[in-house]
Structure formats: structure tokens, C-alpha cells
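A short worksheet on the structure shown next.
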Amino acid sequence: MFASFLIGLGGTVVGDLPKVEKQLSLDDYMDAKVAEPVRSSIKTADVAERDANSALEQAKLKRNAARADTAAARETFNNWLATRRVTQLPDQDPELMARTRALDLLKDKERAAGVAVEAQQQLALDARQAAVRERRKLGDMQEAAQVQLNAAYRRLELRVFLYRLARTLPLLVVAGWLFVKKRKSTYWPFVWGFIIFAAFAFFIELVPYLPSYGGYVRYIVGIIVTIVVGRQAIVSLNRYLEKQKLAEQLPDAQRREELSYDTALTRLSKSVCPGCERGVDLKNTTMDFCPHCGIGLFDHCFACSTRKSAFSKFCHACGAAAEHDKLLAP
Ligand SMILES: [Zn+2]
Ligand SMILES: [Zn+2]
């Protein structure tokens, strides 16, 4: 409970801190004096292209109308010509001239409409190519800015990590000190609460922000942590085994003295020898000593001679205090 309240408080404090890092964008790494004209010329070129395209549509419609006019006029003229050939009326020559002239006029109109279409096509093409050119220029600038932005993000990542490290490392150091010195004190629940909080802050809130540099940092830190923790585990295991070995060489009474009453009872309830923690058959009534380390497991009451556990403080049959020292004293 203590740990969860501490974690909640820590989260609230962090949430209320002013946001120190501002969000970066591509524009921060581009020269606005160069980029702005390029952007506006892209916009101009786009507008010009759009205008040219709609003008082109209009010009095409006009050309189609002119073509249709010419085609219709030519058909009428051909029909008239055919009639004239049949009738052979020489007085119709001036009319022939007039009709030919009208047809030429229509043909001229059609040609003019075609020229207008071509001009608009040229305009649209120019605008499109200008836009492509300017876009390419802007793309190059953005590419260069992206490189700088990525570098800035790496620096930012490192800064955030160091900031978090500065907050969580002292907590972890305090937790380590508490673990070594105070974990068995009267206030151990608070001590353990703080240790859990510090471990949570360090491993859950810090480790995910470790800058990766393509995985190098993460793996190297993992290897170092494993070596340090593993070495500590090996050293403590060896120290424990050493202590066990020394303890087994002490006289029986002294060994029993050094074991706390509760530890001995816990180990006996698990059917292991309180001295060496190896399994023993406590139900076997002929076994008074541990066959592994030789510590006495059962003895006899000095008052009533009932067989009883050598670790119990009183005889269960007559209630006499079991004082080993008195018995063993010469
Ligand atoms: Zn033993
Ligand atoms: Zn007794």
C-alpha cells in the first residue's frame, strides 16, 4: 500500500512538472528565407496550371464547335455543287464564289481555334513543369532538414533519459542502503514499501527511455547488469556455503545455541535438519542425530527420561525446563 501511494505521488509530481522540451518540426531546420519563396512559387505554379487547364477545356470546346460548323458548311456546299453540275446554270458563278469564300472563312476560324488550344496546352505544360521543379527543390531542402531533425531527436532522447536518471538513481541508492541496513528493522513494512517504489521507478519508468543507439546501449547495459548481479549472487552463495561448513565443525551444543528457536522449528516442520537443512526422517524413533551433520535432534528429559526434541525448551511429558548447558556441563 505504501509503495502504491508513493508511486501515485511520484506520477502526479512528474505530471505537474512544466514540459521542458518543445516539440521539434522539420521547419525548425529549414532556412525560412529560402523555403518560403519556393513554397509560394509552388503555389503560384499550381494555380497557373489549374487556370491553364480550364482555359484549355474552353479552347477545345470552341475548336470542336468550329470543326462542326465547317463540316456542316462543307456538306451544304457539296450538295449545292452537285445540284449545280446537274443544272449547268452559268449565272450561278458569283454564288459559287461567295459560297467558297464563306467556307474558307469557316476553315480559318477552325484553324484559329486550333492555335488557341495549342497555346493553352503549352501554358499548362509550362506551369506543370515549373511546379515539379520547385517541388524537387523543396524536397532536397526537406531531406537535409530531416537529417538534422533526427540528430536533434537523438540529443533530446538522451537529455530526457539523463533527466529521468537524475530523478530515479538517488531513489535506487537510498533503497539499496535501506535494503542492506534496515530491511529487518521495526519499520520493515515501510522500508520494503520504499524499496518496491524505487525499483518500480527505476525499472518501469526509466529503462524504456534508455537511448538505444541501434541496440548497442541496451545490450551492453544488460550484460553489465547481469555480470554485477550474477557475481553478487555467486559470492553470497559461496559465503553461505562457507558459513554452513564452519557451523558444521562447531560442537553440537554451540550449534544449537546459535540457531534461533523459531528458525529451528520452521526447519523441523519442513522435515529438514535445523543444522544443515538436509532432509531427515523425524518419524524414525531410533534416530537421535542428523546422519548428515551429526547435530542432536532428539534427547531425553533429565527429569523423566522421555524422548523429546532436542530443540524444545520444555519437556512435553513432565514440563521440566530443558537446560542443555546444565546437562552438558562437566
Ligand atoms: Zn544435519
Ligand atoms: Zn520430562
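Remember, it's 1-based here, ligands and their atoms both numbered in the order they're listed. Computed over heavy atoms, backbone and side chain alike; hydrogens, waters and symmetry mates excluded.
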Sum up the protein N, O or S atoms located under 2.8 Å from the Zn ion (ligand 2).
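Atoms of protein N, O or S type lying less than 2.8 Å from the Zn ion (ligand 2) total 4.
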
Within a 6.0 Å radius of atom CZ on R136, are there more than 12 heavy atoms belonging to other residues, nucleotides or ligands?
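Count not over threshold, so no.
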
Check the surroundings of atom CD in E75: do more than 12 heavy atoms from other residues, nucleotides or ligands lie under 6.0 Å from it?
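Incorrect, the count does not exceed 12.
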
Is it true that [X] and [Y] make a salt bridge, defined as a side-chain N closer than 4.0 Å to a carboxylate O?
X	Y	result
E110	K107	yes
R111	D108	yes
E157	R154	no
E134	K137	yes

Leaving waters out, which protein N, O or S atoms fall under 2.8 Å from the Zn ion (ligand 1)?
C273 SG, C276 SG, C290 SG, C293 SG

Shortest non-hydrogen contact from P170 to A166?
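P170 and A166 have their closest heavy atoms at CD-O, 3.1 Å.
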
Got a list of side-chain donor-acceptor pairs under 3.5 Å for residues 139-147, not counting sequence neighbours?
unit_1 : atom_1 : unit_2 : atom_2 : d
Q146   : NE2    : N150   : OD1    : 3.2

Pairs involving residues 116-132, ordered by first then second residue, that meet salt bridge (charged side-chain N to carboxylate O under 4.0 Å, His left out) (sequence neighbours left out):
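Non-adjacent pairs meeting salt bridge (charged side-chain N to carboxylate O under 4.0 Å, His left out): E49-R128.
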
